[in-house]
Amino acid sequence: MASRPGILTDWPWKPLGSFKYVVLAPWVVHNTYSMLVKDKKERDMSSFLILPLLLWRMVHNQIWITLSRYRTAKGNGRIVDKGLEFDQVDREREWDDQILFNGLLYYLACYTLPGASHLPLWRTEGVVMAMLLHAGPVEFLYYWLHRALHHHFLYSRYHSHHHSSIVTEPITSVIHPFAEHISYFLLFSIPMLTLVFTNTASVGAMVVYVTYIDFMNNMGHSNFEVVPKCLFAIFPPLKYLIYTSSFHSLHHTQFRTNYSLFMPFYDYIYGTTDKASDTLQESALKREEETPDVVHLTHLTTPQSIYHLRLGFAYLASKPYTSKWYLSLMWPFTAWSMILTWIYGTTFIVEANRFDKLKLQTWAIPKYSLQYFLQSQKVAINTMIEKAILDADRKGIKVLSLGLRNQGEELNIYGGLYVSRHPKLKVKIVDGSSLVIAVVLNTIPKGTTQVLLRGKLTKVAYGLAFSLCQQNVQVGTLHEEDYVRLKKSFKSSETNLTFSKSSTQTVWLVGDELSEEEQLKAPKGTLFIPYTQFPPKKYRKDCFYHSTPAMLAPPSVENIHSCEDWLPRRVMSAWRIAGIVHSLEGWNEHECGHTMNNIDKVWDSTLQHGFKPLPIQVKELA
């Protein structure tokens with residue numbers, strides 16, 4: 001929002017929320033009906049293609065969003081190092097409003113302007129004319145409009161909304177108040193209306209021109225340099241005809257330079273070119289891929305989780321993961337993404353953060369949660385994890401933490417398999433078990449004298465049972481098999497471990513394999529505390545479900561603008577935090593296999609570095 005919002009700031013369909021697309025429905029339905037029932041000569045293919053054009057623009061923009069986030073996470077070619085935050089993601093959520101607005105005006109033009117309908121597919125003269133009109137009046141008028149928008153009166157009421165984003169993303173290019181978009185459309189309509197009035201318009205000319213505008217807009221706000229310097233060396237005048245990402249980035253950091261739309265020609269004429277434009281481009285192009293200090297290795301969860309990644313849909317990624325019904329309509333893209341991950345078959349970078357001087361990255365294994373339960377996938381998954389570890393070791397990364405199902409007894413002995421295979425590894429492998437146990441122990445309400453432990457018995461489960469028994473907290477189990485296995489794991493006789501088929505405990509520590517039937521046995525008001533990375537399914541409305549082991553990240557952790565799976569904003573899983581703390585403390589040993597760090601020491605170190613426990617959200621039950 002601008003600092004002093006002016007008239008026509010909000011979009012007309014803002015009250016409709018997510019139902020705003022219904023404003024296009026009458027036009028789409030009418031065009032589809034006409035194509036189905038009218039004679040071939042009466043059908044207007046050009047107006048029918050407006051909807052595919054709008055969809056193409058959305059796909060085109062999304063490609064740029066994904067590419068930009070991927071490249072800025074890797075670091076090569078990155079221009080501005082400052083991180084993004086959730087407020088920018090929220091502010092730029094409605095980036096499709098301008099596509100919706102343009103679509104309405106395209107339909108209106110087709111139905112009201114002579115020569116705007118029944119267009120041929122291609123006319124070369126129209127394409128040439130559109131290019132000349134853009135380079136002439138459009139660029140010239142935009143330059144002066146842009147300078148006018150930086151006058152304090154218009155800037156405070158309109159343009160400051162756009163400049164709220166110092167670090168730009170491709171979609172930043174279209175984040176403007178409604179009134180600004182009206183003025184921009186009037187400018188960009190000059191070539192299109194001229195083609196219509198001179199009978200030189202074609203479907204191809206319109207699509208090419210609109211795609212050119214989107215391409216240049218996205219490129220200029222992508223925050224990584226894509227234009228090679230050699231182009232300007234081969235053809236020097238090109239520097240006046242095409243801007244670079246660095247050129248426009250300076251406009252967002254310096255505000256009073258580089259006003260041009262896509263062609264810097266007028267900035268050079270009127271002396272508003274930033275002197276650092278060339279040097280910034282050179283320095284950005286020279287930047288190589290960044291080597292982090294700590295890597296967190298995760299994986300995909302469900303086929304739809306690809307949309308919730310930071311590389312996917314920006315707004316979905318900024319919210320805790322929940323299944324959305326409308327994503328099922330995108331099954332062709334979902335299937336394509338699954339095929340792509342299957343073919344690609346190697347770890348890819350998802351996110352990059354900075355914590356003081358520590359550089360952090362998150363890598364993802366292109367495998368889904370279901371595949372981790374398939375025996376046939378065990379070798380392939382282990383190979384991918386092992387390759388990621390060796391890549392991290394070769395790059396000089398200090399710590400690699402294993403997240404989600406990338407570590408387990410059956411899969412790789414909690415990561416110990418890789419250490420035994422490669423005893424000379426310099427990168428430290430951390431499974432996070434000690435911090436996970438510490439988080440769960442400190443989540444249990446003070447004064448609790450008995451708990452029930454139910455779920456798959458893992459390294460964390462054994463550690464929890466032992467620690468609680470040592471604290472004189474009675475640990476109960478529902479299954480005799482679990483009781484026997486836990487009893488055997490203790491070196492001495494333990495009287496605080498009990499077995500009972502009935503449960504009176506109101507604090508349950510739960511993991512995988514907790515069933516609905518077992519949840520129904522819990523007393524009303526029971527607090528379920530997970531000790532695994534996946535939350536239990538909530539079958540009880542009269543009970544409380546705490547978060548999976550996680551903590552709130554300190555404010556000094558930068559560039560957090562996406563949620564880690566189902567966790568709230570700025571909350572990190574304990575497994576991810578464990579790797580960070582391991583590096584900050586300079587601990588020179590692995591924490592994987594059957595080894596575990598001192599729980600109290602890890603907990604105290606984590607708190608000292610600013611991570612905070614999550615409060616128990618206990619609301620009044622109905």
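Quantities reported herein were computed from a predicted structural model and do not represent experimental measurements.
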Assess whether side-chain contact (heavy atoms from CB on, under 4.5 Å) is satisfied between Thr498 and Gln474, documenting all intermediate values. CA-CA 7 Å; Thr498 64; Gln474 191 178 77; 3.7 Å; yes

Just by distance, no angles: are the side chains of [X] and [Y] close enough, under 3.5 Å, to form a donor-acceptor pair?
X	Y	result
Tyr307	Thr334	yes
Glu351	His296	no
Glu92	Thr172	yes
Gln533	Ser573	no
Thr66	Gln62	yes

Using a 4.5 Å cut-off on heavy atoms from C-beta on, say whether the side chain of [Y] contacts that of [X].
X	Y	answer
Glu518	Glu513	no
His308	Leu327	yes
Trp603	Leu435	yes
Glu169	Arg69	yes
Ile385	Leu411	yes
Ser318	His561	no
Arg540	Thr526	no
Asn406	His299	yes

[atom1]/[X] to [atom2]/[Y] distance, rounded to the nearest 0.5 angstrom?
X	Y	atom1	atom2	result
Ile389	Arg421	CD1	CZ	10.0 Å
Thr291	Lys395	OG1	NZ	7.0 Å
Tyr414	Met596	OH	CE	9.0 Å
Leu400	Leu297	CG	CG	5.5 Å
Thr362	Ile349	OG1	CD1	8.0 Å
Lys319	Phe86	NZ	CZ	9.0 Å

Heavy-atom closest pair, residues [X] and [Y]:
X	Y	answer
Asn496	Cys469	ND2-O, 3.1 Å
Pro320	Pro568	CG-CA, 3.9 Å
Cys592	Asp431	CA-OD2, 3.6 Å
Asn223	Thr72	O-CG2, 3.7 Å
Asn61	Asn218	OD1-ND2, 2.8 Å
Glu564	Met572	OE1-CA, 3.4 Å

Can a donor-acceptor pair be found, under 3.5 Å and without considering hydrogens, that links the side chain of [X] to the backbone of [Y]?
X	Y	answer
Asp356	Leu358	no
Asp293	Lys398	no
Ser249	Ser246	no
Glu290	Ala352	no
Glu585	Ser605	no
Ser68	Ser222	yes
Thr477	Phe499	no
His546	Ile616	no

Please verify the inter-ring angle class for [X] with [Y]; under 30° counts as parallel, over 60° as perpendicular, anything in between as tilted.
X	Y	value
Phe355	Phe611	perpendicular
Phe466	Phe490	tilted
Tyr545	Phe528	parallel

Can you list the steps and then say if Lys459 with His594 is a side-chain contact (heavy atoms from CB on, under 4.5 Å)? CA-CA 7 Å; Lys459 178 181 178 180; His594 295 292; 5.6 Å; no

side-chain contact (heavy atoms from CB on, under 4.5 Å) between Arg576 and Asn353: does it pass, once the steps are laid out? CA-CA 12 Å; Arg576 185 178 177 186; Asn353 310 101; 2.9 Å; yes

How far apart are the C-alpha atoms of Asp90 and Arg569, what are their side-chain angles, what is the distance that settles it, and do they pass the salt bridge (Lys or Arg N to Asp or Glu O under 4.0 Å) test? CA-CA 12 Å; Asp90 293 339; Arg569 290 182 169 186; 2.8 Å; yes

Under 4.0 Å between a Lys/Arg side-chain N and an Asp/Glu carboxylate O for [X] and [Y]?
X	Y	value
Arg394	Asp391	yes
Arg454	Asp482	yes
Glu410	Arg405	no
Glu558	Arg354	no

Could you walk me through whether Phe534 and Thr301 pass side-chain contact (heavy atoms from CB on, under 4.5 Å), step by step? CA-CA 10 Å; Phe534 287 81; Thr301 52; 4.1 Å; yes

Salt bridge (Lys or Arg N to Asp or Glu O under 4.0 Å) between Glu85 and Arg570: does it pass, once the steps are laid out? CA-CA 10 Å; Glu85 299 299 334; Arg570 294 198 65 84; 3.4 Å; yes

Evaluate whether atom NZ of Lys359 has more than 12 neighbouring non-hydrogen atoms of other residues, nucleotides or ligands under 6.0 angstrom away. yes

Got more than 12 heavy atoms from elsewhere within 6.0 Å of CD, Glu409? yes

Qualifying residues under salt bridge (charged side-chain N to carboxylate O under 4.0 Å, His left out), relative to Asp81, sequence neighbours excluded: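 Asp81 satisfies salt bridge (charged side-chain N to carboxylate O under 4.0 Å, His left out) with Arg78, Arg287 once adjacent residues are dropped.
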
With respect to Ile437, which candidate in Asn597, Val460, Val602, Leu468 satisfies the side chain to side chain contact (heavy atoms under 4.5 Å, CB included) definition?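 Among the candidates, only Val460 passes.
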
